[in-house]
Structures are given as C-alpha cells and as structure tokens.
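Notes follow the structure.
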Amino acid sequence: MNVHYFDWAATTPIHELALQAYAQSARTYRGNPSSLHTEGKDAARFLATQRQMTASLLNVRPRQIVYTSGATESNAIVLESLLWKRTPGKVVMSSLEHDSVLQYRRLLEKMGFEVVMVNAPGGYVDVQKLASAIDEKTQMVCLMLVSNVLGTVQDLASVSRMLREHHAKTNRKVHLHCDAVQAVGKIPLDLPALGVDSASFSAHKFGGPRGTGILYLAGDTVEPLSKGGGQEFGLRAGTEHVAAIAAMNAALSETLAHAEDSLLRGIRLRQVLEERLSHHDGITLLSPAITSDARTSPFILTISAKGVPSEVLTRVLYDEGFCVSSGSACSNNTPGKKNHLLVAAGFTPDAAACAIRISFGPSSTEDDIMELAEAIGREAAHLQKVTRKH
Ligand code: PLP
C-alpha cells in the first residue's frame, strides 16, 4: 500500500544528508570526547566544531548550546531546576504546552510551587492575560512557540519584553522558557529576537535522528538533571552522541537553508487543503485558517469531523494509506489526556473528541494533499451517515 504521510509533527522522515553525516562521523570519530588519547581529543574537537555550527545556525553563542536526548529532556532540565530554588514560587504555563512541560505541574505543586495555567482561546495566549498572572513570586513562564496541535504561533517577543519591564520595575527576574520544537522549518526563527531565556529543540522534528536535541540557554543558571561526567558544561552528564549531533546539524542546516521556499510552498499547500476540505459538510477547522501574517504555521492543521470520533477516522484513513494523528501523537500513550488541550483552547468537548491533526512537510505534494482531503470528506460523510442510522 502506498503510504501518504501526514504526521510530520509527530516525527519527520530522516534526511538523507543526516544519514550520511551520521555514518561518516560515527566511522571517523570513534573515541569518547572525554578521553585524553588522540581518538578522544579528535572527537572532542569535532564536537566543538559541531557546537559552533549549531550556534551559528541558530544565531547564538556555542556556550549557549547544550546537547540533550531530545526536547523532553531539555524541558525537564529547565523545569526540574526550579526545585533547587531556596523558596518555591509561582510558575506560569500556557494550556498549550506539551505534556513534557504540563506534567511538571503535579511535581511542582507537590513541592510547594503555585502553578498558574493560562488558557489559549483559539490557540493563542493573550499577552495581557499572561501579564496579569505575573507577580513578585513568579519564577518562570513556559510558553511554546508553535503549537504542536493547532500550529498557532505565540507572541514570545512581546512576552519577553513584558518580563524585562517587570524585571526593571521590580528587580525580579522571571525565566522565560520556550518549547520551540515545532518552530524549526515551520516559521522564521530568530532566537535572540525572541528574547527567551531558554528553548528546547528536537532533531527528529526537522529531519534529524530521534533521541537527540538541544537546550538553548541564554545565560541563566540551571541545574543538571543527570549527574556524573560533567559533559555539556556540567549541565548534561553522559557520553555525547557525537554522530547523532552531526546528523542533527546536517538536518538543521538543510532545513534552514530551504526554510523560506518551504514556507511559501507550505502556505500554498495549506490553502489547497483548506479549500478542498471546505467542500465537505461537517468538517470544521479548529486551527485558524491560514493567513500571511505568520501567526499560524501552515504545516499543522487540526480539523474536526462532526460526530466521528478521532480514533475512528484516524483508523479508517490509515486503512486507506493516510497517516494522520488523533490529537498529538506525543499524548497518545497518556490515558485521559487526549485533547484536553483543545477544550482548554475553547472548543467543545464534542469537537475536541472528533479532532484529527494533519501535519505535512517539505516533501509533501499537492496531489497527496488533494487525495487526503478527498478521503477525509468521503470517509467522514460515510461514518456520519452510519452513526446517524444507529
Ligand atoms: N515538545 C513538543 C511541542 C513536541 O511536539 C514534542 C514531540 O514529541 C516534544 C516536546 C518532545 O520531543 P522529544 O520527542 O524530542 O522528546
């Protein structure tokens, strides 16, 4: 069966250049970068050039780049660091956050922190609402850049400006952490302009290998999660996966080099998808319709098929060769967690229960998109008819 892959927000196909970079560096750099012999020193030098490359691609300094096993770990390092604070304070999170952030709520509250959730109606956090949750007890704000479910883009630059003003007025610094996993290749990305204190990235979301990621740290002190060998400036102990880092850089470089064209193409494909879906009754967009104002990434679209549970439509589409997702693949293993996020974004529980996420990428084609829209319309209409009869 020919598989049409529309689950790029869950994971992307690995890029050929990333595979080549992996094979070449794994063969060439056999030593442990912490070893003192020549093989080790060669690996350490190579790792340093890779760090320079990551930093220059992201327009930051090498010292600000910490390699991790992925965004779940990057998020965990920042959030667990809070536990080292002398007095537990307040943490503000958007309801859009990925489970690797949201699930810290329980631990933080148990440890005496106040966790304030800020809802995101329609997928957007209101900066004024968020500002009203900030007070002298606030220690951290977690706000993702691109929603992995709705594709909406948050105004991080305004939030960081607001927090700088708060700092100037009260002499209290609030750490702004940003899960930027879904941003790479999906919107123009300028880390220094965003003004965040930390950001998480995951290689497998942009054509790199799984199990590899980045934690960007602008300057605030954080505590390591894993302790031991002192690698990664003492922030992430464990032998560095040098070949995977090289593969990630190859994918990052390739993705960013084509980002502008890819974005324009993505907007065009999204317009086709929306137009084709609009011919089918009972299908509504939960993500905002695409515009040119960059407040939505074209590559992630969540829709709802009236009366057809997400799991059923996802399954039927898969039987026809289309891979889409019911909600976020990342929460598929967490019972009871599915689509809570959509309800918090103001959608009805019925609409949320019937939501499917379509996500695509640079190699998706217009023909594929049209076939998908056709299959969704046809199958949803069929299932709606069947469920009405019962
Ligand atoms: N944050 C977001 C927004 C994601 O979409 C994902 C995807 O799974 C993650 C974090 C976790 O990333 P990783 O798979 O690298 O742990």
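Both ligands and their constituent atoms are indexed starting at 1 by order of listing.
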Practice task
Please work out whether any backbone atom (N, CA, C, O) or any side-chain heavy atom from C-beta onward of Q182 is under 4.0 Å from ligand 1, and answer side chain, backbone, both or neither.
Solution key: side chain
Problem - Contact summary for S200 and H177, nearest pair of heavy atoms - result: OG-CE1, 3.2 Å
Handout entry: N or O contact, S69 vs ligand 1, cut-off under 3.5 Å
Key = no
Practice task
Calculate, to the nearest 0.5 Å, the distance between atoms CG and NZ belonging to L145 and K186 respectively.
Solution key: 11.0 Å
Handout entry: CD1-CD distance between I290 and E275, expressed to the nearest 0.5 angstrom
Key = 15.0 Å
Exercise for the section: Quick one: sort the F46 and Y29 rings into parallel, tilted or perpendicular, breaks at 30° and 60°. Expected result: parallel
Exercise for the section: Determine whether the side chain, the backbone, both or neither of T72 has a heavy atom under 4.0 Å from any heavy atom of ligand 1. Expected result: both
Exercise for the section: Measure K205 to ligand 1 on non-hydrogen atoms and call it side chain, backbone, both or neither using the 4.0 Å cut-off. Expected result: side chain
Practice task
Show which atoms of ligand 1 fall inside a sub-4.0 Å distance from at least one heavy-atom site of G70.
Solution key: 15 (O)
Problem - Under 4.0 Å to a heavy atom of M144 - the qualifying atoms of ligand 1, by number - result: 3 (C)
Handout entry: Close-contact set for ligand 1 against H204 heavy atoms, below 4.0 Å
Key = 13 (P), 14 (O), 15 (O)
Completion exercise
Check: of A180, S359, S74, A71, min heavy-atom distance to atom 12 (O) of ligand 1 comes from A71
Practice task
Can you label the angle between the F322 ring and the H4 ring as parallel, tilted or perpendicular, going by 30° and 60°?
Solution key: parallel
Handout entry: Spacing of S326 atom OG and R357 atom CZ [to the nearest 0.5 Å]
Key = 9.0 Å
